[in-house]
Structures are given as structure tokens and as C-alpha cells.
Amino acid sequence: MTVIAPMKIAAAGSRRRAIARSTEHQVSTTPVAPRLRCPRLAVSWRGYRLGGRCAHAVAIPSCRGVRAGTVNNIGQMTYILAMADTLTRDHEGPVLIVGGYGTVGSALTELAAPHWPLLLTGRNPEKGAALADKHGATVRRWDLTDPAPFRAAVRAVIGTVNDPIDRVLTAAVGGGVPYVDITRWTSRMTRAVAAAAVMRPRAPVLFSSAWMGGITSVVAAALISERGGGATSVDIAVRWDMNDMAGIDSVDFMDRLGYDYEVRRGGLPVTVAPLTDPRIVNIAGSRTKVVRIDTPEQLTLPITLDVGTVSTRIGFSSGAATTALLAAKKVGLFRWGKGDRWTSVRRSLLYSPGEGGNAEIRVDVDGEGGRTSATVVDPRGQAHLTALGGFLGLRRVLDPTGSEPGVTYPELHPDPASILRSLPEHGVEVLRE
């Protein structure tokens, strides 16, 4: 393969300083070609002339020392880079789990190993060696912040770590490889969906980033199916167990608590603020105070299932944690403390992983005829439940009879009720009222 040359930036003086001051919230990924191999491009990005053989021009949040000429270093500010990663489809090859030995990745590896050969990747392959040996998997380095190109032939790929510059997505779609993602918050998923659509996928692209790897969306779809297909509202309530063995990525939503977001209410778009509109909900026998949180299913369910109102709220097993979080919002921490400087403070409010706890989600569907409800309880915790959502997504995109090329979502499963029935096979309780 021809290695794609790094992109050049023709910028100087104040323009360089302007680029260096850019942040992730000012710059977004810009797809500039639908395939990995593209002709020489000369595109304009905010008035800066960019050129080079590229597959994807991306803005990476973090780079230091931007200067005119070839950009080739990773640091603290924003820069532009052309990617040269190559994934090709091999129907007999391994399933690639990006982040395959992290908290969720390890749980997914346990679920997937009996079914497919696996390739695990991450920043430090030595940390995944024991897990790979246990399951007969291969482990390789792929650091998504390192511009070194990655190449592999795989049957499918799933991302279990954040992919803020769409490296994994771009490589998978460009190579015609089935793709599952379980890591994106709403704004990043929206951007990724647009990028994938431009690239015209030749394989299924499943954005399963709804809460717990898309489990919430599948449960909602199953309940709506039981009702004959009609629903006016879906309310999702999550109970976060402070004793759970959560990975650091699990509290990434803390970084979004300073941003208002859009939901649908009665079919119309409205803007709401996180941590507002509190309710007391019975979740698996525990009365839990829950407040609004931005999650992708609030974007997709109104579109895919024609639900007029969709709301997701979160509460905590610790009343003190709820009080601290709401107090932090009241003093404005999530607005004036958005930057990297305050990341550890924001996340410390919730990130205190313990030895294990339950993952609990209640889904209520309302419409003509009343309410239909189900509560999902996973005694192995949220990492396992999220991994299970990813595993079910892999089975779907690899099923030749149940998957088609193009962008899709977990709630568009051809038989969501079968997924709901299968959860107990994986140790997950489904409580009905």
C-alpha cells in the first residue's frame, strides 16, 4: 500500500497561533474523501490551505508546538493530521477489539473468545498479554494518539475506547469491515454518523453507544414491539452503583455536564440542561433520585421508532454522590471548569471504582393502553453489561441474514424481543411489572 504522506499546513504568525489555540469544541472531524486511497487534495479549513495525499483530515484535541511545515507530533493543542491506517476484510480473520484489554474490553474479550478468533489492541500490548494468552488471542499495539499507521485484516471491528478523531471508524468503513462502536456521546456520534454516510459503507456500521452498549435502546424497542409498535414516550432511568468496577471511560459523560442538549418532547425539539428535572424512580426495589443526562438514545429513538418523547436520567446508589453532583452544578463547576485543568476534579465526583456492584436500568414505555416496563439488572456490573451490548452488536453485524451495509442502530435489530429474552442466558435479570 502507498503510505499516505503527512499533511502540510501553510500557515504563519497569527494563523499558527490561532490553530494552536483551537479546542475540541471549536474544531470537528472533517471527512474529505470517501475512501482510504484518495487523490492529492487541497482543501480549505477555516481559511487555512491544507494539502497532501490524505484519507481523512482530522482535528486532534491535543497538540503542542504547531508550526508551519509538516505536522507530525502529538501534544496538548489541536492539529491536523492525515491518517494512513488500513483495515481490510477477511471473513476468516479475527474480530478486532480496539481497547481489548481495558475494563470493558476485557469483559468483551471473555464473551467473544468462544465464538471468534480475536485481535486485541491498545497502547501497551504487554498489559494485554495474559488475557490474550488465556483466550488464544493476538495482541498488538494501536495507540490512537500515535500517528504511526496500523494495518490488519479482520472480519469485524469494535471500539471499546474513545475514538475522538474517528481513526477506527475511518479505517473500518474504508476497508469494508463491519463496525460496532459503544463509546460515543451524542455529539461525537452525530459527527461520526455524518462521516460514515459520506464514506458510503459497504458493510454494517452499528452505532451502539446508547447507555450500556445499546442495551437501553434494544430493551425500549422490545417493549414497543410488545405493544404492537406504538409508543408516545420512553423514560430510561439508570442507577449508578458507586461500588462498581468501572473503567475511567465510564465517567466521560462528566465532561458533557456543562452543555445543554436537545431532546424531543411531544415530537418537537427542546433544549434541556443536564442534572435537571429530578424524579424519584423505583429501580430494582431502590427509590432513586434521577436527573437528566445526555445520551445517544435520546437522539435516535425518536427518529428510528417514532417516539414523541424520550428522556434518560441517572441516579446514584450513594445519596452523598447525588448531593455532591447537584451542588457542583449549582456552583457552576461544569461550566467554568470544562477544561483539562479541571478534569480530575469533575471525574473525582463519581470515579471511585470498587470491587463490584450491580448495573441497573429501568425502561418505561407509555402509549395507548398504559405503561409497559422492564428493569435490567446485571450483578456483574456496568462493564459486563456494556460489553454484552457490544457482543450482541458483533453478532448482529456478522450475521449475513440480519445485517445490511450502512449505518444502523441497536433498536433497529430485526427481532429486539429475542435480545430481551436472551439476556438471562448471560446472567442478566429482566424484571417485569
Side-chain angles (χ1 to χ4, degrees), residues 85 87 93-146 150 152 154-169 171-172 177-185 188-189 192 206-215 244-253 347 351 353-357 359 378 380-398 410 426-428:
D85 305 310
L87 295 178
V95 168
L96 167 59
I97 304 179
V98 181
Y101 47 87
T103 304
V104 172
S106 295
L108 178 57
T109 296
E110 296 276 352
L111 290 166
H115 302 273
W116 311 289
L118 301 179
L119 169 60
L120 315 181
T121 65
R123 294 183 179 183
N124 303 293
E126 62 277 6
K127 293 184 178 180
L131 182 69
D133 288 343
K134 177 181 177 182
H135 296 289
T138 302
V139 61
R140 289 176 53 191
R141 185 177 187 274
W142 191 6
D143 181 352
L144 299 184
T145 66
D146 185 339
F150 180 85
V154 297
R155 74 173 69 193
V157 59
I158 181 168
T160 68
V161 294
N162 285 322
D163 182 20
I165 57 174
D166 298 334
R167 285 188 72 166
V168 182
L169 169 68
V177 177
Y179 171 85
V180 180
D181 189 284
I182 58 174
T183 65
R184 297 175 187 271
W185 59 66
R188 281 188 176 172
M189 190 186 77
L206 174 59
F207 288 103
S208 198
S209 293
W211 196 266
M212 297 294 115
I215 292 293
D244 204 353
M245 295 185 294
I248 187 62
D249 284 346
S250 65
V251 292
D252 270 350
F253 69 86
R347 297 189 176 189
Y351 185 61
E355 296 182 357
D378 190 339
R380 296 178 63 179
Q382 63 180 359
H384 178 262
L385 189 58
T386 302
L388 179 57
F391 170 72
L392 296 173
L394 280 172
R395 287 205 314 195
R396 179 179 166 191
V397 300
L398 288 171
H426 300 280
V428 178

Residues that R184 engages under salt bridge (Lys or Arg N to Asp or Glu O under 4.0 Å), provided they are two or more places apart: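 With sequence neighbours excluded, R184 shows a salt bridge (Lys or Arg N to Asp or Glu O under 4.0 Å) to D163, D166, D181, given in chain and number order.
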
Could you pull out all residues at least two apart from K127 that satisfy salt bridge (Lys or Arg N to Asp or Glu O under 4.0 Å)?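 By the salt bridge (Lys or Arg N to Asp or Glu O under 4.0 Å) rule, K127 matches no residue at all.
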
For a quick test of reading the model, state the closest non-hydrogen atom pair linking [X] to [Y] and the distance between them.
X: R155; Y: G93; value: NE-O, 2.5 Å
X: G427; Y: D378; value: O-OD1, 4.4 Å
X: A129; Y: V139; value: CA-CG1, 4.4 Å
X: R167; Y: L144; value: NH1-O, 3.3 Å

Which residues pass the ring-ring contact (aromatic ring centres under 6.0 Å, His included) test with H135, not counting sequence neighbours?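 By the ring-ring contact (aromatic ring centres under 6.0 Å, His included) rule, H135 matches no residue at all.
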
For Y101, check ring-ring contact (aromatic ring centres under 6.0 Å, His included) against everything at least two apart and list the hits.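 For Y101 there are no ring-ring contact (aromatic ring centres under 6.0 Å, His included) partners, ignoring immediate neighbours.
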
Atom [atom1] in [X], atom [atom2] in [Y]: separation rounded to 0.5 Å?
X: W116; Y: L394; atom1: CH2; atom2: CG; value: 5.0 Å
X: L120; Y: R141; atom1: CG; atom2: CZ; value: 15.5 Å
X: F207; Y: L169; atom1: CZ; atom2: CG; value: 5.0 Å
X: L392; Y: L111; atom1: CG; atom2: CG; value: 8.5 Å
X: L118; Y: L108; atom1: CG; atom2: CG; value: 8.0 Å

[Y] and [X], any side-chain heavy atoms less than 4.5 Å apart:
X: V154; Y: V177; answer: yes
X: F150; Y: L96; answer: yes
X: N162; Y: R188; answer: yes

Under the 3.5 angstrom rule, does the side chain of T160 hit a backbone N or O of V104 as a donor-acceptor pair?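 It does not hold such a pair.
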
Given 3.5 Å as the limit, does a donor-acceptor pair link the side chain of S209 with the main chain of T183, or not?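 Judged by distance alone, yes, a pair lies under 3.5 Å.
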
Out of the candidates L119, I158, V157, T121, only one should pair with I97 under the side-chain contact (heavy atoms from CB on, under 4.5 Å) rule; please name it.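 Going through L119, I158, V157, T121 one by one, the side-chain contact (heavy atoms from CB on, under 4.5 Å) with I97 is satisfied by I158 alone.
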
Enumerate the salt bridge (Lys or Arg N to Asp or Glu O under 4.0 Å) contacts for residues 110-125, please, sequence neighbours excluded, ordered by first and then second residue.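 For residues 110-125: E110-K134, R123-D143.
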
What pairs with S208 under side chain to side chain contact (heavy atoms under 4.5 Å, CB included), at least two apart in sequence or on another chain?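 Once residues adjacent in sequence are excluded, the partners of S208 under the side chain to side chain contact (heavy atoms under 4.5 Å, CB included) criterion are V180, I182, L206, P410.
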
When the ring planes of H115 and F391 are compared, do they come out parallel, tilted or perpendicular, using 30° and 60° as the limits?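 Ring orientation of H115 relative to F391: tilted.
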
